[in-house]
Each structure stands twice: as C-alpha cells, then as structure tokens.
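Heads up: the structure comes next, in structure tokens.
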Number of protein chains: 2
Amino acid sequence: MSLGWWTASYAEDMHQAVAARGRIDKRQAILDAAFTVFARAGYAQAGVDVIAAEAGVAKATVYSHFGDKENLLREAVAASADQALADNLAAVDRLTDRGTDLRATLEGVGLRLLQCYCDDRSWALRRLLSAEINQFPDLLDIIHTRAADRITETLADRLARLTVAGHLHTPDPLLAAEQFFALLCGPMDRRTRLGTRHLPDTELRALSRAAVDTFLQAFAPKRTETT
Amino acid sequence: MSLGWWTASYAEDMHQAVAARGRIDKRQAILDAAFTVFARAGYAQAGVDVIAAEAGVAKATVYSHFGDKENLLREAVAASADQALADNLAAVDRLTDRGTDLRATLEGVGLRLLQCYCDDRSWALRRLLSAEINQFPDLLDIIHTRAADRITETLADRLARLTVAGHLHTPDPLLAAEQFFALLCGPMDRRTRLGTRHLPDTELRALSRAAVDTFLQAFAPKRTETT
DNA sequence: ATATAACTAGACTAACCAGTCTGGTTAGGC
DNA sequence: GCCTAACCAGACTGGTTAGTCTAGTTATAT
C-alpha cells in the first residue's frame, strides 16, 4: 500500500523478479517522481521527502541513489530529455516516407511534433529549464546536446535530402528546419497559453496545416513543379 | 550612501523634492529590486531582506507597500510587463511608415523587436513566467492581457492595413502576425541559447532578414507586384 | 512647535527542509 | 543457516526565511 502505484497483483507477479530488478526499478521510480515533483513545485519548493513518498521509497534511499538534490535534478532532467528525444525522432523519421505527396507528409510530421510539444511532460521540461537556468546553467547543455540539437539537425538532414531530390528548395537546411519548428511552435505557444490549456487534435491539425502552408510557400522548388 | 544608486549630488539637488516624491520613488525602487532579485534567484529562493537591501530600503517598508511576497511578485511582474509593452509597441509602430519599401521596413521592425526580446529584462520576465506559472497562474493573464496580446493584435492591425492597401496578402492577419513573431523568435531562441548568450547586432540583422524573407515569400501579394 | 505618517535597524517567531543518523527489516547469494 | 546489501520509518541537526514587532528617526503640514 505504501508503495504507491504498485498494485497488489503486480507485486505478487513480480515477487521474485522484483528483488533482482528492484534496485533499477526503484531508481526509475525515483527519477519519475522527482521529475513530476520538480515540475509541479519548482526545484526550491520541491521537498526530497515528497519525492521519496511519491516514489514509494524512503528518503534515505533517494540519497543513496543520487547523492544530493542537485544531482537528482540533473539526472531527472536528463532522463526526461532522453524520453523527449525518442518521441521527437519518431515523428521526424516519418519524413523519410516517399510515395505520398510532400504536403501531406509534412502536415503529418507537423501534427506529430505538435503532439510531442503539447505533452505535459514536454512542457514541464521546458518550464523547468527556463526556471532553473540561472542556478543550473548546465541543464541547458544537457537538454540541447541530448535532445533539441539532435532533433533540429535530423530535420535539417531530411530537408537537405528532399532538396537534393528536387522536392524542396532549402539553400540553408538548418535555418529552414528552425523556421519549420518556429512556425509550428510559435502559434501553438500562444494558443495553449504556454501549455496551461489543452488543444483538441483538430486544432493541432489546423496549426500544422497553417505552418506547412507558409513553409511550402517559402521553400517549394522555384523552377520545376514537383510531380 | 546606504541608499545605493543615489549619488551625493543627486541627493543634494533633490533634497526638497525627494521628500514629496519619496514614497513613490521608494515604491518604484522596490519594484525594480524585486524584479531583479526574483529574476536572478527565482521566487522561492529570493529573500525579501535581499530585495529590501537592493532597493535601499528597510524590510518593513517593503511589507508596508506590498503586503506580502506573493503580491510583490505580481506587482513587479505587472510593472515589468508594462515596460515591455511600451518597448514593443514602439517597435511595431514604425510599421506605419510609408514611402520606403516594405521589405526594408519589415526588416527594421524585426530588428527592433529582436532587440526587445533579447534584452535581459525581457528574458527574465519570460523565465519568471515559465517558472512560476504553476504556483501563480494569474501571472499569465497579467502578462498576456497587458502586453503579449496587445502587441500581437497591433501587429495584426498593421498587416491588415497593408493588405487592404495591396502591399501584402494576409487573409488571416492574426495568424500572419503570430508567424512573423515565430519566425523572428524561434531561431533567436536557439542562437542565444535561451537568452544566456548575447548576439551582436549584425547577427540580429541577419535573423531579421531571414525571417522577413520567408514571411514575404508567403505573404507578398500574388497578382500585382508592389511598386 | 507639534502631530502625523513614512521610514529605519534589528530582534524575534514559527515554520520549513536538506542531509545525516539510528536501529531494525527483508531477501538473495553461498 | 548466515552474510551482505539494499531498504525501511522516523528522529534529529543546522540553516534559512516570511512576516511581525519594537523603539527610535526624519520630514511635512498645519
């Protein structure tokens, strides 16, 4: 019961396995709880006791795993950035698909990306970074090198290949990638009121379509129309 | 001396006037100091004693003016938002200028806006909002209704008039305004590493030019070229 | 001259919390 | 069956800080 999210049957099923994997499971539970509590209350206001309770773990266990509160923040943020990276790459990777028309593909990718960025954990990560960037400047490096930069570079790669294939015209693919993200996220930030409001999927689709409209007007090939 | 930013000669010159205006001057000094300290340390970590010291004022004076720490935050944020609004409107208002060519005018407005958004206090305001939006959801309303919404609406108005005059083609001026801001700020966010790095004016100019390029490709009039 | 109102420095309280420690429990490896 | 290592609940220390209070100062208005 005091273990929080564990159900009794889950505890029974895992009765043996949990002992072997117990340590790593606890570590993950602590990271999840830490991210949740840090995101909810902010670093300074978040109590390590609260994190421990939310993870279903004793406070001393938290310290034995992570040493101190600062390090816990860094590890929780890093884990969350890795998660975000995976989600985003899955969205951008669909841009490899050929055969369908480019506009529809871009709109699909845009929609997936918007869904990633509208996720509560994604907003929490960005807020946490903004909030603690003065006290922990290295969080910026953690997040950018682990996630943000890779995603932008991956999209730039895709745009470059589409340009080489004659489907697009992006002389500076990195800039084009930045502008694609900007056209998606700028209007979304305003509409969601910085993530405090949830948008229905239809509205996300409209945002993606508007972004792709503008993007294609700027970066569609100039001479030859695509088939 | 203990009054901080006061110079001796200033104190002499204002010897009479300061008594009459002393109360309002102190109020302003407290608001400035509060914003600075909140931005530097975050709400929870900011000590009211530190704010008082930075304002050159006793702690009790802070409480007599603002009641409690939460209210002090709100008032400091509101004052800062008003300041930001004035700066931004001054930039957007130049879009009324006729006679020069539209591209150059837009690039000039873009540059001014980037300078506004790159200002330390502007970044501090956005960070503070992100950081405390969970604990103080009303900060969002304060900032949006006082500043952000008005700026976007004002730009949308300008774009609409330019469209009516045949210099642009923006069927949805509000969306176009959002996208203009997005094209400016998205790439800038990345390049400044969320405001932790300062960009030279030449780079801001390049960012503005890139944004305006894309913007005009999407929203230049389709049939008749402007003179 | 005196009443009033804003201000000052600094002491004080009550609460909160990071990090440590203690003493005891559990469970797997051998 | 015992050893070890991870874990538990909860107490404890030391430092920080919001908000209050006191006693004394300054300056204006009348």
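Within every chain, numbering begins at 1; the chains are lettered A, B, ... in the order of the sequence lines, protein sequences first and strands thereafter. If you're wondering where the values come from, they're calculated on a predicted model, not measured in any experiment. Because only heavy atoms are used, hydrogens play no part in the values below, and waters and symmetry mates are left out as well, while side chains stay in.
Taking the side chain as every heavy atom from C-beta outward, Val77(A) and Leu125(A) approach each other to under 4.5 Å.
Taking Phe219(A) as the reference, Phe215(A) meet the ring pair (Phe, Tyr, Trp, His ring centres under 6.0 Å) condition, with sequence neighbours excluded. Remark: Asp68(A) engages no residue in a side chain to side chain donor-acceptor pair (under 3.5 Å) (not counting sequence neighbours). Listed by chain and residue number, nothing satisfies the ring pair (Phe, Tyr, Trp, His ring centres under 6.0 Å) test with Phe181(B) (two or more places apart in sequence, or in another chain). Evaluation of the salt bridge (charged side-chain N to carboxylate O under 4.0 Å, His left out) rule for Arg40(B) yields Glu54(B) as partners, not counting sequence neighbours.
For dA6(C), neither phosphate oxygen OP1 nor OP2 lies less than 4.0 angstrom from any side-chain nitrogen or oxygen of Ser64(B). Look at Thr61(B) and you won't find any side-chain N or O under 4.0 angstrom from OP1 or OP2 of dA6(C). Side-chain N/O atoms of His65(B) include none lying less than 4.0 angstrom from OP1 or OP2 on dA6(C).
Between the CG atom of Asp25(A) and the C1' atom of dA6(D) there is a distance of 14 Å, rounded to whole Å. Rounding to whole angstrom units, CD of residue Gln45(A) and P of dT17(D) are separated by 12 Å. Following rounding to the nearest Å, Leu72(B) (CG) and dA18(D) (C1') show an atom-to-atom distance of 12 Å. The CG-P distance, from Leu73(A) to dG19(C), rounds to 12 Å in whole Å.
Contacts classified as side chain to side chain donor-acceptor pair (under 3.5 Å) and involving residues 177-191 of chain A (residues at least two apart or in different chains) are given here: Glu178(A)-Arg190(B), Glu178(A)-Arg191(B), Gln179(A)-Thr214(B), Arg190(A)-Asp149(B), Arg190(A)-Glu178(B), Arg191(A)-Glu178(B).
Counting non-hydrogen atoms under 4.0 angstrom, Ala46(A) reaches the backbone sugars and phosphates but no base.
Considering only the side chain of Lys26(A), dC7(D) comes nearest among dA9(D), dT8(C), dC7(D).
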Produce the list of close N/O pairs, under 3.5 Å, pairing protein atoms with atoms of nucleotides 19-23 of chain D; give distances to one decimal.
unit_1, atom_1, unit_2, atom_2, d
dG19(D), OP2, Tyr63(B), OH, 3.2
dG19(D), OP2, Lys69(B), N, 3.0
dG19(D), N7, Lys59(B), NZ, 2.8
dG19(D), O6, Lys59(B), NZ, 2.8

